[in-house]
Amino acid sequence: MKSNRFIVFLSGAVLTVLIILSVPIRFEPYLFEEVGMAAGYGKDANSFGDITGDGKSEMISCAHGIAGYLNQPHCRCIEIDENFHPRIIDQINVPELTKGHHRSFPVDYNRNGKQELLVPVIEDEKLVLYVYQNPDWINPSMVILLDTLHYKDGETSPDVRLVAEWDADGDGFKEILLRVTNGFPIYPRRNYRVDLHKQEVLASPATSAGLMIDNYIEDESGHRNFTGNSWCPGNDHGMNELPYSDMFAYAYAFDAEMELLFEPVAEAAFPGRATSVAIGKHLYTCVVHSGQNPGEERRTVVKKRNLKTGTLIDSLELAPKDAILLAFNGGLLAVTDGYYWRMDKDLNVIKEDRDTRMCKVDFVKDLNGDGLEEFIAAERGTGNIYVWSADLDHVIEYPQTNGMPRRVHEIVNADGELLVGLDFGSFVSIFSYSANALYWMRWPYYIAVFGISLLISGYLFGKYRRNIELRYTREKELSRLQVLALKNQVDPHFTLNALNSIDQMYRKSEHEQASRFMTKLTRLVYATVRDSDKPLTSLHNELDFCRNYCALESFRQPDFDFRITVDEAVETFDIKLPKQFVFTHVENAIKHGLRPMKGPKMLEIKVWEEKGYTCISVTNNGAPLTPSAPGGDHSPTSGTRQGLQILNRMTALYQKLEKRKITYRLINNSAGGTTAEVRIERYGKGTDAKKTTAAEPTH
């Protein structure tokens, strides 16, 4: 009983797992789903902002080369409707756009609810910032000179990025911080603070040339401090014209006036990578030592410093040989391909884990507006997107084949919902990231599915047990009928007569004949007890039993002869039938057809295949049966009626057990004698059809 309960419980558990895996119900705490795609007409660079002041985001698509209906670089303002169909609101044409993925910056510097569009362009060998205000997109409202560009071989390639926007002087208007990388000697990397209201530009002083700003932090007093990516920061192609261009990674920080807070500290020569973040009153640097110096191995070190003085406070060496450092929800996140560390501000590792989905091509964004940042990673090679929750306990995978996204945009739709845009250059895939309402229903769902699975498993197991019990009952009844058939069909005096015959042979000194007779009798007795617990036997065993019985009969009656012929196409070992089914007809033929007659007696058994059936005929040349039915079929005499009734019950039980038919009929031959024909369906319901070519030896 206990084992039965365990089987039902285990079956229910397995069925529960299969149902949960097959039913497309998602129980992740958050869902990251693609809701649309916006085509970028510029096919170059995109940004989003509320340019029209209607509360939803418009798409700014910039083209660096000739595109659009005007043959010059341009930016288009595109409205995206609720079905994510783009509609061009306006297009502005500008001189040569700067390179890179950030060619326009929507900023509401005057805080009037409408964002102005800032477009950095190259004009007359100068880096100029154009400012456009809605609704006048024809002419820029401001043209601000940032710096004179320096060319090499007649080319320049400045990349301008917006780092921060804030009210630095408290006049109610926002200032912006831009970072410019040129890639050619003389000011390859510069930082500019621009006061749009006063149209003033404050560039980083010459002493800080080459140190670029990537991120900022606002301390408790409201002051902003900046630090950046110091990975080979001041490379000026070996000309040594900048103070920080000696291929060192530096720890450094700026204040809001673009002044260095302390003299930059050289961390490592020829670093493999270096990243810096500022949190509160501290500066954190993550430097990958490349191991280029003799005896030095490649390693990654995270250091914590005082943000104002640069004084080293603590350090931590990480296991990977390459990593980047990010500020993440009030702490730190070190990431490398396949591994991550989450640390607090004191460099204590809170959580670390191996995860092949983690990679260094990453973004940190508050995707659902709850004040906590999510971590977004794009896998190299496949471009698959992975989104980790704020606690890094849950990850969502979104397979895609568009390659690596350039940026992650925050987009506000007409309903005020925050959406996520993955920028692939020529288009932006738009996603929603939200809490899953079904997440809290997962356990009731699992319990309900498990309960239903237990009921189904219990029902199926009960039905299976009933089928087993029914099959056992049928097999038991079939075995009883076979014993009864043997008891009724074998002459009660047969064994006694056989033993008397053996005794007489010995008395006549016919020892060899008596030995053969004894061997046949032994085989017959053995066959009656062989596999007595099994209701079915093979046709081979059945024919062997009939052969031994007929051989004994031929010893007792010299005028009796028999022949067994099996077609080569019949595989007698594979064909199953009830025990004594053929023998019943053999014994009836000898007992009621041949023994009463005088003269030569002949019994022939034939086996052949015919249209999916195995056919067996038992023919004798003895007395015919009394006809009682038309069409050549005859009913048995009273002497055989009981045995054939047992055969009829065997037939019904066999069909229920094996799911295939077995039939027989008795026919009076025109030349005299009777034929019993048995037909066994070769391939019944639930059996596999196959051809066989084995042969049965004949008598």
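When a residue number appears, it is its place in the shown sequence, counting from 1. As a basis for the values below, the full set of heavy atoms in this structure was taken, side chains included, without hydrogen atoms, waters or symmetry mates.
- Between the side chain of Ser57 and the backbone N or O of Val412, at least one donor-acceptor pair lies under 3.5 Å.
- With sequence neighbours left out, the ring-ring contact (aromatic ring centres under 6.0 Å, His included) criterion links Tyr130 to no other residue.
- Heavy atoms from other residues, nucleotides or ligands lying under 6.0 Å from CZ of Arg354 number 12 at most.
- Ser315 places no side-chain N or O within donor-acceptor distance of the main-chain N or O of Val302, the cut-off being under 3.5 Å.
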Practice prompt. Please report the C-alpha distance between Asp314 and Arg305 in whole Å, then the side-chain angles of each, then the deciding distance to 0.1 Å, and finally whether the salt bridge (charged side-chain N to carboxylate O under 4.0 Å, His left out) criterion is met.
Written response: CA-CA 7 Å; Asp314 200 358; Arg305 297 180 181 275; over 6 Å; no

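- Judged by distance alone, with hydrogens and angles left aside, the side-chain atoms of Asn215 form a donor-acceptor pair with the main-chain N or O of Ser276 at under 3.5 Å.
- Looking at Asp50 and Lys114, no side-chain N of the basic residue comes within less than 4.0 Å of a carboxylate O on the acidic one, giving no salt bridge.
- Asp167 contributes a side-chain N or O that, together with a main-chain N or O of Gly172, makes up a donor-acceptor pair within less than 3.5 Å.
- Ion pairing between a basic and an acidic side chain is recognised when a charged N comes within 4.0 Å of a carboxylate O; Glu267 and Lys303 show such pairing.
- By the 30° and 60° cut-offs, the orientation of the rings of Phe431 relative to Tyr398 is perpendicular.
- Listed by chain and number, the residues in a side-chain hydrogen bond (donor to acceptor under 3.5 Å, both in side chains) with Ser432 amount to none (sequence neighbours excluded).
- Taken to the nearest 0.5 Å, the CD1 atom of Ile396 stands 10.5 Å off from the CZ atom of Arg357.
- Scanning for side-chain hydrogen bond (donor to acceptor under 3.5 Å, both in side chains) contacts around Thr98 gives an empty result, with sequence neighbours left out.
- Checked by atom type and distance alone, the side chain of Asp344 pairs as donor or acceptor with a backbone atom of Asn348 at under 3.5 Å.
- Distance CG/Leu283 to CG/Leu307: 6.0 Å, rounded to 0.5 Å.
- Partners of Phe262 by ring-ring contact (aromatic ring centres under 6.0 Å, His included), not counting sequence neighbours: none found.
- Using a cutoff of 4.0 Å between basic side-chain nitrogens and carboxylate oxygens, Asp147 and Arg190 are scored as salt-bridged.
- Applying the ring-ring contact (aromatic ring centres under 6.0 Å, His included) criterion to His394, with sequence neighbours excluded, gives no partner residue.
- For Asn384, the side chain to side chain contact (heavy atoms under 4.5 Å, CB included) partners two or more places apart in sequence, or in a different chain, are Glu379, Thr382, Tyr386, Glu397, Pro399.
- Applying the side-chain hydrogen bond (donor to acceptor under 3.5 Å, both in side chains) test to Tyr109 and every residue at least two apart in sequence or in another chain returns nothing.
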Discussion item. If you apply the rule salt bridge (charged side-chain N to carboxylate O under 4.0 Å, His left out), what do you find for Glu175 with Arg193, and how did you get there?
Written reply: CA-CA 7 Å; Glu175 285 76 43; Arg193 196 188 82 179; 5.7 Å; no

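- Looking only at distances, a side-chain donor or acceptor of Asp366 sits under 3.5 Å from a matching main-chain atom of Gly371.
- For residues 116-133, no residue pair satisfies the salt bridge (charged side-chain N to carboxylate O under 4.0 Å, His left out) rule, not counting sequence neighbours.
- No donor-acceptor pair closer than 3.5 Å links the side chain of Arg103 to the backbone N or O of Pro120.
- Between Glu374 and Lys365 there is no salt bridge, since no side-chain N of the basic residue sits under 4.0 Å from a carboxylate O of the acidic one.
- Remark: Arg407 engages His102 in a side-chain hydrogen bond (donor to acceptor under 3.5 Å, both in side chains) (not counting sequence neighbours).
- For Tyr132, there are no ring-ring contact (aromatic ring centres under 6.0 Å, His included) partners, not counting sequence neighbours.
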Worksheet item: Can you list the steps and then say if Trp388 with Tyr433 is a ring-ring contact (aromatic ring centres under 6.0 Å, His included)?
Response: CA-CA 11 Å; Trp388 276 266; Tyr433 181 83; over 10 Å; no

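- The ring pair (Phe, Tyr, Trp, His ring centres under 6.0 Å) analysis of residues 301-340, with sequence neighbours excluded, yields the pairs Tyr339-Trp341.
- Panel note: side chain Asn191, backbone Ile213; a donor-acceptor pair is recorded below 3.5 Å.
- For His197 and Asp171, the side-chain atoms include no donor-acceptor pair closer than 3.5 Å.
- Note on residues 382-396: pairs passing salt bridge (charged side-chain N to carboxylate O under 4.0 Å, His left out), not counting sequence neighbours, are Lys351-Asp393.
- Between the side chain of Asp255 and the main chain of Glu259, a donor-acceptor pair closer than 3.5 Å is present.
- A donor-acceptor pair is defined here as one N or O able to donate and one able to accept, closer than 3.5 Å; no such pair exists between the side chain of Ser429 and the backbone of Met37.
- At a threshold of 4.0 Å, the pair Asp346-Lys304 counts as salt-bridged, since one of the basic side-chain nitrogens sits closer than that to a carboxylate oxygen.
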